[in-house]
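Report on the following structure.
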Amino acid sequence: MSYETVRETDPAVADALEGERGRQNDTLAMIASENHVSEAVMEAQSSELTNKYAEGYPGERYYGGCEYADDVEELAIDRAKELWGADHVNVQPHSGSQANMGVYLGVLEPGDKILSLDLTHGGHLSHGHPANFAGQVYEVEQYKVDEETGYIDYEALHDHAEEFDPDIIVSGYSAYPREVDFERIQEAADATDAYHLADIAHITGLVAAGVHESPVGVADFVTGSTHKTIRAGRGGIIMCAEEYADDIDNAVFPGSQGGPLMHNVAGKAVGFGEALSPEFEEYAEQTVDNAIALGERLKEHGLSLVSGGTDNHLVLIDLRPSHPDTTGKDVEAALEEAGIVLNANTVPGETRSAFNPSGIRAGTPGLTTRGFGEEACREVADLIYEVVDAPHDDDVVATVSDRVDELTDEYTLYE
Ligand code: DSN
(Lines give C-alpha, C1' and ligand atoms only; values in the text may rest on other atoms or scores of the structure.)
Protein backbone atom coordinates (compact mmCIF):
# COMPACT_ATOMS: atom_id res chain seq x y z
CA MET A 1 0.00 0.00 0.00
CA SER A 2 1.18 3.47 -0.80
CA TYR A 3 0.83 6.47 1.50
CA GLU A 4 1.47 8.93 -1.34
CA THR A 5 -1.75 10.88 -0.86
CA VAL A 6 -1.37 11.15 2.90
CA ARG A 7 2.23 12.26 2.34
CA GLU A 8 0.99 15.10 0.13
CA THR A 9 -1.78 16.24 2.45
CA ASP A 10 -0.51 15.37 5.90
CA PRO A 11 3.22 14.65 6.12
CA ALA A 12 3.16 14.30 9.91
CA VAL A 13 0.74 11.39 9.77
CA ALA A 14 2.54 9.93 6.73
CA ASP A 15 5.76 9.95 8.75
CA ALA A 16 4.06 7.95 11.51
CA LEU A 17 2.47 5.48 9.08
CA GLU A 18 5.73 4.89 7.24
CA GLY A 19 7.54 4.70 10.55
CA GLU A 20 5.19 1.95 11.71
CA ARG A 21 5.58 0.02 8.47
CA GLY A 22 9.36 0.28 8.86
CA ARG A 23 9.13 -0.81 12.48
CA GLN A 24 7.08 -3.89 11.58
CA ASN A 25 9.40 -4.76 8.70
CA ASP A 26 12.55 -4.34 10.77
CA THR A 27 11.57 -6.03 14.03
CA LEU A 28 10.31 -9.45 15.06
CA ALA A 29 6.71 -9.15 16.31
CA MET A 30 6.49 -11.68 19.14
CA ILE A 31 3.65 -10.18 21.16
CA ALA A 32 1.47 -13.29 21.19
CA SER A 33 -1.70 -11.36 20.35
CA GLU A 34 -0.25 -9.66 17.25
CA ASN A 35 0.11 -10.76 13.65
CA HIS A 36 0.50 -9.23 10.18
CA VAL A 37 -2.50 -9.15 7.82
CA SER A 38 -2.27 -9.39 4.04
CA GLU A 39 -2.31 -6.38 1.73
CA ALA A 40 -5.80 -7.53 0.67
CA VAL A 41 -7.12 -7.25 4.24
CA MET A 42 -5.54 -3.81 4.60
CA GLU A 43 -7.07 -2.65 1.31
CA ALA A 44 -10.50 -3.80 2.42
CA GLN A 45 -10.06 -2.06 5.79
CA SER A 46 -9.19 1.21 4.09
CA SER A 47 -12.13 1.06 1.65
CA GLU A 48 -15.03 3.50 1.22
CA LEU A 49 -17.03 1.38 3.67
CA THR A 50 -15.40 3.51 6.37
CA ASN A 51 -17.92 6.18 5.27
CA LYS A 52 -21.01 4.03 5.69
CA TYR A 53 -23.43 3.74 8.59
CA ALA A 54 -25.21 0.40 8.63
CA GLU A 55 -26.94 0.07 12.00
CA GLY A 56 -28.86 -3.16 12.08
CA TYR A 57 -28.10 -6.41 10.30
CA PRO A 58 -28.09 -7.48 6.62
CA GLY A 59 -31.54 -6.91 5.11
CA GLU A 60 -32.73 -5.03 8.22
CA ARG A 61 -30.83 -1.75 8.34
CA TYR A 62 -31.95 1.55 9.76
CA TYR A 63 -30.45 3.61 6.90
CA GLY A 64 -30.55 3.39 3.13
CA GLY A 65 -27.68 2.59 0.80
CA CYS A 66 -26.62 -0.54 2.62
CA GLU A 67 -26.62 -3.04 -0.26
CA TYR A 68 -22.83 -3.39 -0.37
CA ALA A 69 -22.53 -3.31 3.39
CA ASP A 70 -25.00 -6.21 3.39
CA ASP A 71 -22.91 -8.09 0.81
CA VAL A 72 -19.74 -7.71 2.85
CA GLU A 73 -21.35 -8.65 6.16
CA GLU A 74 -23.06 -11.70 4.67
CA LEU A 75 -19.76 -12.84 3.18
CA ALA A 76 -18.04 -12.45 6.57
CA ILE A 77 -20.83 -14.36 8.33
CA ASP A 78 -20.98 -17.20 5.79
CA ARG A 79 -17.20 -17.63 5.81
CA ALA A 80 -17.10 -17.57 9.62
CA LYS A 81 -19.80 -20.24 9.76
CA GLU A 82 -17.76 -22.39 7.42
CA LEU A 83 -14.52 -21.80 9.35
CA TRP A 84 -15.82 -22.54 12.84
CA GLY A 85 -18.98 -24.54 12.13
CA ALA A 86 -21.19 -22.21 14.20
CA ASP A 87 -24.97 -21.94 13.71
CA HIS A 88 -25.11 -18.21 14.33
CA VAL A 89 -22.34 -15.63 13.96
CA ASN A 90 -22.24 -11.93 14.75
CA VAL A 91 -19.26 -10.22 13.07
CA GLN A 92 -19.97 -6.70 14.33
CA PRO A 93 -18.12 -6.53 17.70
CA HIS A 94 -15.37 -3.95 17.43
CA SER A 95 -13.03 -6.12 19.51
CA GLY A 96 -12.81 -9.26 21.61
CA SER A 97 -13.75 -7.26 24.71
CA GLN A 98 -16.85 -5.91 22.94
CA ALA A 99 -17.71 -9.48 21.96
CA ASN A 100 -17.56 -10.53 25.62
CA MET A 101 -19.66 -7.51 26.58
CA GLY A 102 -22.22 -8.62 23.98
CA VAL A 103 -22.54 -12.02 25.63
CA TYR A 104 -22.78 -10.65 29.18
CA LEU A 105 -25.40 -8.07 28.15
CA GLY A 106 -27.25 -10.69 26.13
CA VAL A 107 -27.81 -13.22 28.89
CA LEU A 108 -26.83 -11.74 32.28
CA GLU A 109 -28.45 -9.19 34.58
CA PRO A 110 -26.35 -6.69 36.58
CA GLY A 111 -25.18 -8.41 39.75
CA ASP A 112 -25.14 -11.88 38.17
CA LYS A 113 -22.13 -14.06 38.91
CA ILE A 114 -19.12 -14.68 36.66
CA LEU A 115 -16.50 -17.37 37.38
CA SER A 116 -13.34 -16.78 35.33
CA LEU A 117 -9.55 -17.18 35.39
CA ASP A 118 -7.53 -14.67 37.41
CA LEU A 119 -5.78 -12.10 35.18
CA THR A 120 -2.37 -12.79 36.76
CA HIS A 121 -2.82 -16.47 35.92
CA GLY A 122 -3.54 -15.81 32.24
CA GLY A 123 -7.11 -14.47 32.20
CA HIS A 124 -8.32 -11.25 30.60
CA LEU A 125 -9.55 -7.87 31.87
CA SER A 126 -12.97 -8.36 30.27
CA HIS A 127 -13.45 -11.59 32.23
CA GLY A 128 -14.16 -9.58 35.37
CA HIS A 129 -11.17 -7.54 36.54
CA PRO A 130 -12.28 -4.81 38.97
CA ALA A 131 -10.90 -2.11 36.65
CA ASN A 132 -13.12 -3.36 33.79
CA PHE A 133 -16.89 -2.94 33.38
CA ALA A 134 -17.28 -6.71 33.81
CA GLY A 135 -15.81 -6.52 37.31
CA GLN A 136 -17.95 -3.51 38.17
CA VAL A 137 -21.33 -4.67 36.89
CA TYR A 138 -21.18 -8.35 37.87
CA GLU A 139 -20.14 -10.33 40.94
CA VAL A 140 -16.90 -12.07 40.03
CA GLU A 141 -14.91 -14.91 41.55
CA GLN A 142 -11.81 -16.24 39.87
CA TYR A 143 -10.16 -19.62 39.52
CA LYS A 144 -6.43 -20.11 39.15
CA VAL A 145 -4.01 -22.44 37.49
CA ASP A 146 -2.16 -24.92 39.66
CA GLU A 147 0.97 -22.97 40.59
CA GLU A 148 3.10 -26.12 40.63
CA THR A 149 2.13 -27.41 37.20
CA GLY A 150 0.92 -24.24 35.45
CA TYR A 151 -2.12 -26.18 34.18
CA ILE A 152 -5.75 -25.34 34.89
CA ASP A 153 -6.92 -27.44 37.82
CA TYR A 154 -10.24 -28.59 36.38
CA GLU A 155 -11.30 -30.35 39.57
CA ALA A 156 -10.70 -27.25 41.66
CA LEU A 157 -12.59 -25.21 39.05
CA HIS A 158 -15.52 -27.63 39.27
CA ASP A 159 -15.55 -27.46 43.09
CA HIS A 160 -15.30 -23.66 42.96
CA ALA A 161 -18.27 -23.55 40.59
CA GLU A 162 -20.37 -25.73 42.91
CA GLU A 163 -19.54 -23.43 45.83
CA PHE A 164 -20.04 -20.12 44.01
CA ASP A 165 -23.00 -21.15 41.83
CA PRO A 166 -22.10 -18.79 38.93
CA ASP A 167 -24.46 -17.65 36.18
CA ILE A 168 -21.67 -17.94 33.63
CA ILE A 169 -18.26 -19.65 33.56
CA VAL A 170 -15.64 -18.10 31.30
CA SER A 171 -12.96 -20.23 29.69
CA GLY A 172 -10.36 -19.13 27.12
CA TYR A 173 -7.26 -17.14 28.09
CA SER A 174 -4.64 -14.54 27.19
CA ALA A 175 -1.50 -16.13 28.55
CA TYR A 176 -2.20 -19.85 28.89
CA PRO A 177 0.15 -22.02 26.84
CA ARG A 178 -1.77 -25.30 27.07
CA GLU A 179 -4.70 -26.90 25.25
CA VAL A 180 -7.97 -25.97 26.97
CA ASP A 181 -10.33 -28.82 27.84
CA PHE A 182 -13.60 -27.09 27.02
CA GLU A 183 -15.60 -30.29 27.71
CA ARG A 184 -14.34 -30.37 31.31
CA ILE A 185 -15.39 -26.76 31.83
CA GLN A 186 -18.75 -27.50 30.23
CA GLU A 187 -19.24 -30.26 32.84
CA ALA A 188 -18.79 -27.67 35.59
CA ALA A 189 -21.25 -25.36 33.81
CA ASP A 190 -23.78 -28.17 33.47
CA ALA A 191 -23.39 -29.14 37.12
CA THR A 192 -24.20 -25.58 38.23
CA ASP A 193 -26.71 -24.70 35.53
CA ALA A 194 -24.42 -21.89 34.34
CA TYR A 195 -23.79 -20.59 30.85
CA HIS A 196 -20.35 -21.29 29.42
CA LEU A 197 -18.55 -18.58 27.47
CA ALA A 198 -15.42 -19.77 25.69
CA ASP A 199 -13.29 -16.75 24.77
CA ILE A 200 -10.95 -18.09 22.10
CA ALA A 201 -9.47 -14.66 21.24
CA HIS A 202 -5.93 -15.98 21.25
CA ILE A 203 -6.58 -19.29 19.51
CA THR A 204 -9.30 -18.31 17.03
CA GLY A 205 -7.11 -19.26 14.07
CA LEU A 206 -5.84 -22.47 15.68
CA VAL A 207 -9.43 -23.58 16.31
CA ALA A 208 -10.47 -22.66 12.75
CA ALA A 209 -7.61 -24.74 11.36
CA GLY A 210 -8.38 -27.69 13.62
CA VAL A 211 -5.08 -27.60 15.50
CA HIS A 212 -6.81 -26.84 18.82
CA GLU A 213 -9.97 -28.47 20.16
CA SER A 214 -13.05 -26.39 19.29
CA PRO A 215 -15.54 -25.15 21.88
CA VAL A 216 -18.15 -24.54 19.16
CA GLY A 217 -21.06 -26.86 19.90
CA VAL A 218 -19.73 -27.39 23.45
CA ALA A 219 -19.94 -23.95 25.09
CA ASP A 220 -23.09 -21.82 24.81
CA PHE A 221 -21.12 -18.86 23.50
CA VAL A 222 -17.80 -18.58 21.73
CA THR A 223 -16.15 -15.19 21.36
CA GLY A 224 -12.96 -14.35 19.57
CA SER A 225 -10.82 -11.66 18.10
CA THR A 226 -9.97 -11.63 14.42
CA HIS A 227 -6.35 -10.49 14.40
CA LYS A 228 -4.26 -12.82 16.56
CA THR A 229 -3.83 -16.36 15.23
CA ILE A 230 -6.16 -15.50 12.34
CA ARG A 231 -5.23 -12.61 10.07
CA ALA A 232 -8.52 -10.81 9.41
CA GLY A 233 -7.75 -7.40 10.92
CA ARG A 234 -8.67 -5.84 14.24
CA GLY A 235 -12.08 -6.88 15.54
CA GLY A 236 -14.26 -9.33 17.40
CA ILE A 237 -16.78 -12.06 16.68
CA ILE A 238 -19.48 -13.95 18.61
CA MET A 239 -20.72 -17.45 17.80
CA CYS A 240 -23.68 -19.25 19.35
CA ALA A 241 -26.56 -21.60 18.72
CA GLU A 242 -29.59 -20.24 16.87
CA GLU A 243 -31.64 -20.12 20.12
CA TYR A 244 -29.43 -17.27 21.42
CA ALA A 245 -29.16 -15.40 18.11
CA ASP A 246 -31.61 -12.60 18.97
CA ASP A 247 -30.22 -12.09 22.48
CA ILE A 248 -26.71 -11.73 21.12
CA ASP A 249 -27.57 -9.59 18.11
CA ASN A 250 -29.64 -7.21 20.24
CA ALA A 251 -26.89 -6.98 22.85
CA VAL A 252 -24.33 -5.98 20.20
CA PHE A 253 -26.66 -3.57 18.39
CA PRO A 254 -28.37 -1.59 19.85
CA GLY A 255 -27.28 -2.92 23.26
CA SER A 256 -23.63 -1.92 23.32
CA GLN A 257 -22.60 -0.59 19.91
CA GLY A 258 -23.96 1.78 17.30
CA GLY A 259 -23.06 1.44 13.65
CA PRO A 260 -20.74 -1.44 12.85
CA LEU A 261 -17.27 -0.60 11.50
CA MET A 262 -18.11 -1.87 8.02
CA HIS A 263 -14.57 -1.39 6.68
CA ASN A 264 -13.36 -3.71 9.43
CA VAL A 265 -16.15 -6.16 8.66
CA ALA A 266 -14.83 -6.13 5.07
CA GLY A 267 -11.36 -6.94 6.42
CA LYS A 268 -12.86 -9.83 8.38
CA ALA A 269 -14.57 -11.16 5.23
CA VAL A 270 -11.27 -11.10 3.30
CA GLY A 271 -9.25 -12.59 6.16
CA PHE A 272 -11.80 -15.35 6.76
CA GLY A 273 -11.71 -16.12 3.03
CA GLU A 274 -7.94 -16.48 3.22
CA ALA A 275 -8.26 -18.73 6.27
CA LEU A 276 -10.51 -21.12 4.34
CA SER A 277 -7.54 -22.05 2.12
CA PRO A 278 -5.48 -25.21 2.81
CA GLU A 279 -2.42 -22.95 3.25
CA PHE A 280 -3.96 -21.52 6.38
CA GLU A 281 -4.11 -24.95 7.99
CA GLU A 282 -0.39 -25.33 7.27
CA TYR A 283 0.20 -21.85 8.71
CA ALA A 284 -1.63 -22.70 11.94
CA GLU A 285 0.23 -26.00 12.33
CA GLN A 286 3.54 -24.26 11.72
CA THR A 287 2.67 -21.57 14.26
CA VAL A 288 2.30 -24.25 16.95
CA ASP A 289 5.38 -26.20 15.81
CA ASN A 290 7.35 -22.96 15.94
CA ALA A 291 6.18 -22.18 19.48
CA ILE A 292 7.15 -25.68 20.60
CA ALA A 293 10.60 -25.33 18.98
CA LEU A 294 11.07 -21.89 20.56
CA GLY A 295 10.07 -23.19 23.98
CA GLU A 296 12.23 -26.30 23.86
CA ARG A 297 15.31 -24.29 22.96
CA LEU A 298 14.61 -21.74 25.72
CA LYS A 299 14.46 -24.65 28.14
CA GLU A 300 17.78 -26.01 26.85
CA HIS A 301 19.23 -22.65 27.88
CA GLY A 302 17.89 -23.23 31.39
CA LEU A 303 14.89 -20.90 31.26
CA SER A 304 11.74 -21.95 33.06
CA LEU A 305 8.50 -22.12 31.09
CA VAL A 306 5.16 -21.97 32.86
CA SER A 307 3.65 -25.48 32.51
CA GLY A 308 6.97 -26.69 31.08
CA GLY A 309 6.16 -25.90 27.46
CA THR A 310 3.33 -25.13 25.09
CA ASP A 311 0.54 -26.68 23.01
CA ASN A 312 -0.37 -23.47 21.21
CA HIS A 313 1.15 -20.30 19.77
CA LEU A 314 2.77 -18.86 22.91
CA VAL A 315 5.27 -19.53 25.65
CA LEU A 316 5.30 -17.90 29.07
CA ILE A 317 8.73 -17.62 30.63
CA ASP A 318 9.05 -17.30 34.40
CA LEU A 319 12.36 -15.49 34.93
CA ARG A 320 12.50 -16.06 38.69
CA PRO A 321 14.12 -19.53 38.82
CA SER A 322 16.95 -18.75 36.37
CA HIS A 323 17.30 -14.95 36.69
CA PRO A 324 15.80 -13.91 40.03
CA ASP A 325 17.08 -10.33 39.84
CA THR A 326 15.84 -9.67 36.31
CA THR A 327 12.29 -8.42 35.73
CA GLY A 328 10.05 -8.88 32.73
CA LYS A 329 10.24 -5.16 32.00
CA ASP A 330 14.08 -5.25 31.98
CA VAL A 331 13.96 -7.99 29.36
CA GLU A 332 11.11 -6.43 27.35
CA ALA A 333 13.04 -3.15 27.06
CA ALA A 334 16.37 -4.76 26.15
CA LEU A 335 14.78 -7.08 23.59
CA GLU A 336 12.93 -4.18 22.00
CA GLU A 337 16.25 -2.38 21.70
CA ALA A 338 17.53 -5.46 19.89
CA GLY A 339 14.49 -5.60 17.58
CA ILE A 340 12.53 -8.41 19.24
CA VAL A 341 9.19 -7.06 20.44
CA LEU A 342 7.35 -9.05 23.10
CA ASN A 343 5.75 -8.22 26.41
CA ALA A 344 6.44 -8.51 30.10
CA ASN A 345 3.75 -10.66 31.68
CA THR A 346 2.62 -11.79 35.09
CA VAL A 347 3.19 -15.44 35.92
CA PRO A 348 1.17 -17.71 38.22
CA GLY A 349 2.17 -16.93 41.82
CA GLU A 350 3.47 -13.52 40.78
CA THR A 351 5.69 -11.95 43.44
CA ARG A 352 6.26 -8.60 41.74
CA SER A 353 3.59 -6.30 40.27
CA ALA A 354 1.38 -6.37 37.19
CA PHE A 355 3.32 -3.36 35.89
CA ASN A 356 6.76 -4.88 36.45
CA PRO A 357 6.12 -8.60 36.48
CA SER A 358 8.42 -11.62 36.62
CA GLY A 359 7.69 -13.11 33.24
CA ILE A 360 7.75 -12.54 29.53
CA ARG A 361 5.25 -13.86 26.99
CA ALA A 362 6.37 -14.69 23.46
CA GLY A 363 4.26 -15.81 20.51
CA THR A 364 4.93 -17.15 17.04
CA PRO A 365 1.92 -16.02 14.90
CA GLY A 366 3.83 -13.02 13.46
CA LEU A 367 7.10 -14.88 12.84
CA THR A 368 5.22 -17.70 11.13
CA THR A 369 3.48 -15.21 8.84
CA ARG A 370 6.96 -13.97 7.86
CA GLY A 371 7.92 -17.53 6.89
CA PHE A 372 9.91 -18.59 9.94
CA GLY A 373 10.19 -22.35 10.50
CA GLU A 374 11.36 -24.27 13.52
CA GLU A 375 15.10 -23.84 12.89
CA ALA A 376 14.75 -20.07 12.64
CA CYS A 377 12.62 -20.05 15.81
CA ARG A 378 15.32 -22.01 17.64
CA GLU A 379 17.76 -19.30 16.64
CA VAL A 380 15.35 -16.63 17.89
CA ALA A 381 15.27 -18.51 21.21
CA ASP A 382 19.08 -18.29 21.31
CA LEU A 383 18.87 -14.54 20.70
CA ILE A 384 16.21 -14.08 23.38
CA TYR A 385 18.33 -16.03 25.84
CA GLU A 386 21.42 -13.92 25.17
CA VAL A 387 19.46 -10.78 26.06
CA VAL A 388 17.70 -12.34 29.06
CA ASP A 389 21.11 -13.27 30.40
CA ALA A 390 22.61 -9.80 29.92
CA PRO A 391 19.84 -7.21 29.47
CA HIS A 392 22.09 -4.32 30.46
CA ASP A 393 25.05 -5.29 28.27
CA ASP A 394 25.01 -2.92 25.28
CA ASP A 395 27.42 -5.10 23.28
CA VAL A 396 25.18 -8.16 23.61
CA VAL A 397 22.10 -6.13 22.66
CA ALA A 398 23.93 -4.67 19.64
CA THR A 399 25.10 -8.10 18.44
CA VAL A 400 21.60 -9.53 18.74
CA SER A 401 20.22 -6.48 16.93
CA ASP A 402 22.59 -7.09 14.00
CA ARG A 403 21.38 -10.67 13.68
CA VAL A 404 17.72 -9.54 13.89
CA ASP A 405 18.45 -7.15 11.00
CA GLU A 406 19.72 -10.07 8.94
CA LEU A 407 16.67 -12.18 9.79
CA THR A 408 14.19 -9.42 8.95
CA ASP A 409 15.99 -8.87 5.62
CA GLU A 410 15.78 -12.59 4.89
CA TYR A 411 12.13 -13.01 5.96
CA THR A 412 10.54 -9.96 4.35
CA LEU A 413 7.13 -8.59 5.22
CA TYR A 414 5.57 -5.51 3.57
CA GLU A 415 6.87 -3.78 0.43
N1 DSN B 1 -4.12 -7.37 24.58
C2 DSN B 1 -4.40 -8.73 24.24
C3 DSN B 1 -3.28 -9.64 24.60
O4 DSN B 1 -2.16 -9.21 24.46
O5 DSN B 1 -3.48 -10.78 24.99
C6 DSN B 1 -5.68 -9.23 24.77
O7 DSN B 1 -6.70 -8.31 24.60
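A quick note: this is a predicted structure, and the numbers were derived from the prediction, not measured. Numbering starts at 1 and runs along the sequence shown. All ligand and atom numbering here is 1-based and tracks the order in the structure.
In this structure, the protein non-hydrogen atom closest to atom 3 (C) of ligand 1 is Ser33 OG, 3.2 Å. Nearest protein heavy-atom contact of atom 6 (C) of ligand 1 is His124 NE2, 3.5 Å. Scanning the protein heavy atoms around atom 5 (O) of ligand 1, the nearest turns out to be His202 NE2, 2.7 Å.
Between Tyr138 and Phe133, the ring planes lie perpendicular to each other; the angle is over 60°, past the 30° to 60° tilted range. A perpendicular orientation is assigned to the rings of Tyr176 and Tyr173, their planes being inclined by more than 60° (bins at 30° and 60°). Below 30°, between 30° and 60°, or above 60°: for Phe182 and His196 the angle between ring planes is between 30° and 60°, a tilted geometry.
Of the heavy atoms in Arg361, only side-chain atoms (C-beta onward) come closer than 4.0 Å to ligand 1.
Salt bridge status for Glu73 with Arg61: present, with a side-chain N to carboxylate O gap under 4.0 Å.
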